[in-house]
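Quantities reported herein were computed from a predicted structural model and do not represent experimental measurements.
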Amino acid sequence: MNLSHVCSQIRLLLSDVDGVMTGGGLTFTSSGEETKTFHIRDGLGIRLWQRAGGQFGMVTGRQSPIVERRAAELGVTLLRQGNDDKLPLVRELAAEAGVTLEETAYIGDDLPDLAAIRAVGLGIAVADAVEEVRAAARYTTSVRGGDGAVREVVELLLKNTSR
């Protein structure tokens with residue numbers, strides 16, 4: 001099955017956060033608060049995907065109020081945090097969204113993402129993902145995590161769908 005056909009079947013796009021929606025670095029203020037930098041183009045890409053009828057969700061092993069805030073800003077209600085065993089979370093979110101795993105795409109960068117990438121209809125790695133993730137993915141972005149990788153995936157999906 002070709003990539004265009006697979007993209008046309010996707011109704012739910014899920015993304016890891018650290019290393020995909022951010023560059024993966026952790027920064028702490030002097031008071032111990034964590035900060036993250038999200039790429040603004042990813043945010044617009046998520047909104048474009050939602051406007052086109054697609055659903056978007058975030059899955060992250062870390063627990064962070066910053067992720068909750070970013071999800072709220074983007075109108076993302078499909079969110080799971082605080083668990084490195086991501087495949088069960090991906091299954092939960094797909095069921096919540098009313099789609100199958102075959103209708104789901106997942107973007108990841110590191111080993112905790114591997115099972116999810118293998119299980120969904122379209123497994124995606126960011127350009128700087130670890131070797132095992134890139135090898136398992138059906139598509140690898142041209143840009144690194146935190147540099148607009150989510151937007152690249154949204155554009156790929158929208159160009160290959162009838163939404």
Side-chain angles (χ1 to χ4, degrees), residues 10 12-52 54-94 96-97 101 104-120 122-158:
I10 300 303
L12 172 63
L13 175 57
L14 298 175
S15 180
D16 178 27
V17 176
D18 296 313
V20 175
M21 296 183 71
T22 74
L26 292 176
T27 305
F28 294 94
T29 65
S30 60
S31 62
E33 294 180 44
E34 180 182 1
T35 66
K36 295 182 186 289
T37 301
F38 295 91
H39 201 295
I40 198 73
R41 280 188 232 138
D42 285 345
L44 179 57
I46 291 165
R47 289 182 189 268
L48 292 171
W49 175 246
Q50 292 165 326
R51 287 181 198 146
Q55 297 182 76
F56 184 83
M58 300 177 190
V59 180
T60 179
R62 295 178 49 80
Q63 185 75 36
S64 171
I66 296 166
V67 173
E68 290 175 19
R69 179 178 175 181
R70 185 63 174 150
E73 287 176 350
L74 296 170
V76 173
T77 58
L78 299 171
L79 172 64
R80 295 294 187 278
Q81 296 192 79
N83 189 339
D84 280 335
D85 190 7
K86 295 183 180 180
L87 182 54
L89 304 178
V90 167
R91 286 189 173 120
E92 281 178 22
L93 290 171
E96 189 175 323
L101 286 181
T104 303
Y106 181 90
I107 313 169
D109 73 309
D110 211 343
L111 297 177
D113 303 308
L114 199 51
I117 285 172
R118 288 178 174 150
V120 298
L122 180 58
I124 303 160
V126 293
D128 58 333
V130 297
E131 181 180 338
E132 295 88 344
V133 169
R134 284 182 283 125
R138 179 86 184 256
Y139 180 82
T140 300
T141 64
S142 63
V143 297
R144 300 167 56 93
D147 287 342
V150 174
R151 172 70 171 267
E152 179 181 330
V153 171
V154 167
E155 290 180 3
L156 172 75
L157 293 173
L158 292 176

Checking the side chain of [X] only, and the main-chain atoms of [Y] only, is there a donor and an acceptor separated by less than 3.5 Å?
| X | Y | value |
| --- | --- | --- |
| D113 | I107 | no |
| T60 | Q81 | no |
| D42 | V150 | yes |
| S64 | I66 | yes |
| D110 | P112 | no |

Let me confirm one number: the [atom1]-[atom2] distance from [X] to [Y], rounded to the nearest 0.5 Å.
| X | Y | atom1 | atom2 | result |
| --- | --- | --- | --- | --- |
| F56 | T77 | CZ | OG1 | 11.5 Å |
| L122 | T104 | CG | OG1 | 10.0 Å |
| L74 | L44 | CG | CG | 10.0 Å |
| E152 | T140 | CD | OG1 | 9.5 Å |
| R151 | L48 | CZ | CG | 6.0 Å |
| I124 | T141 | CD1 | OG1 | 8.5 Å |

Minimal non-hydrogen separation, [X] against [Y], with atom names:
| X | Y | value |
| --- | --- | --- |
| A149 | V20 | CB-O, 4.5 Å |
| V120 | V90 | CG1-CG1, 3.9 Å |
| V154 | G45 | CG1-O, 3.3 Å |
| D16 | G108 | CB-CA, 4.3 Å |
| L87 | A116 | CD1-CA, 4.1 Å |
| A137 | I117 | CA-CG2, 3.9 Å |

So does [X] have more than 12 non-hydrogen atoms from other groups sitting under 6.0 Å from [atom1]?
| X | atom1 | answer |
| --- | --- | --- |
| Q63 | CD | yes |
| R144 | CZ | no |
| R41 | CZ | no |

Run the salt-bridge test on [X] and [Y] with the 4.0 Å N-O cut-off and return the result as yes or no.
| X | Y | value |
| --- | --- | --- |
| E34 | R62 | yes |
| R134 | E131 | no |
| E96 | R80 | yes |

(request) Begin from the C-alpha positions of Y106 and R118 and carry the test side-chain contact (heavy atoms from CB on, under 4.5 Å) through to its verdict. (result) CA-CA 9 Å; Y106 181 90; R118 288 178 174 150; over 6 Å; no

Side chains of [X] and [Y] in contact at under 4.5 Å (non-hydrogen atoms):
| X | Y | answer |
| --- | --- | --- |
| L79 | V67 | yes |
| F38 | E73 | no |
| I46 | M21 | yes |

(request) May I have the step-by-step check of side-chain contact (heavy atoms from CB on, under 4.5 Å) for L13 and Q55, ending in yes or no? (result) CA-CA 6 Å; L13 175 57; Q55 297 182 76; over 6 Å; no

(message) Would D109 and V133 count as a side-chain contact (heavy atoms from CB on, under 4.5 Å) here? Give the steps.
(response) CA-CA 6 Å; D109 73 309; V133 169; 5.8 Å; no

(request) Please lay out, stage by stage, how W49 and I10 fare under the test side-chain contact (heavy atoms from CB on, under 4.5 Å). (result) CA-CA 11 Å; W49 175 246; I10 300 303; 4.2 Å; yes

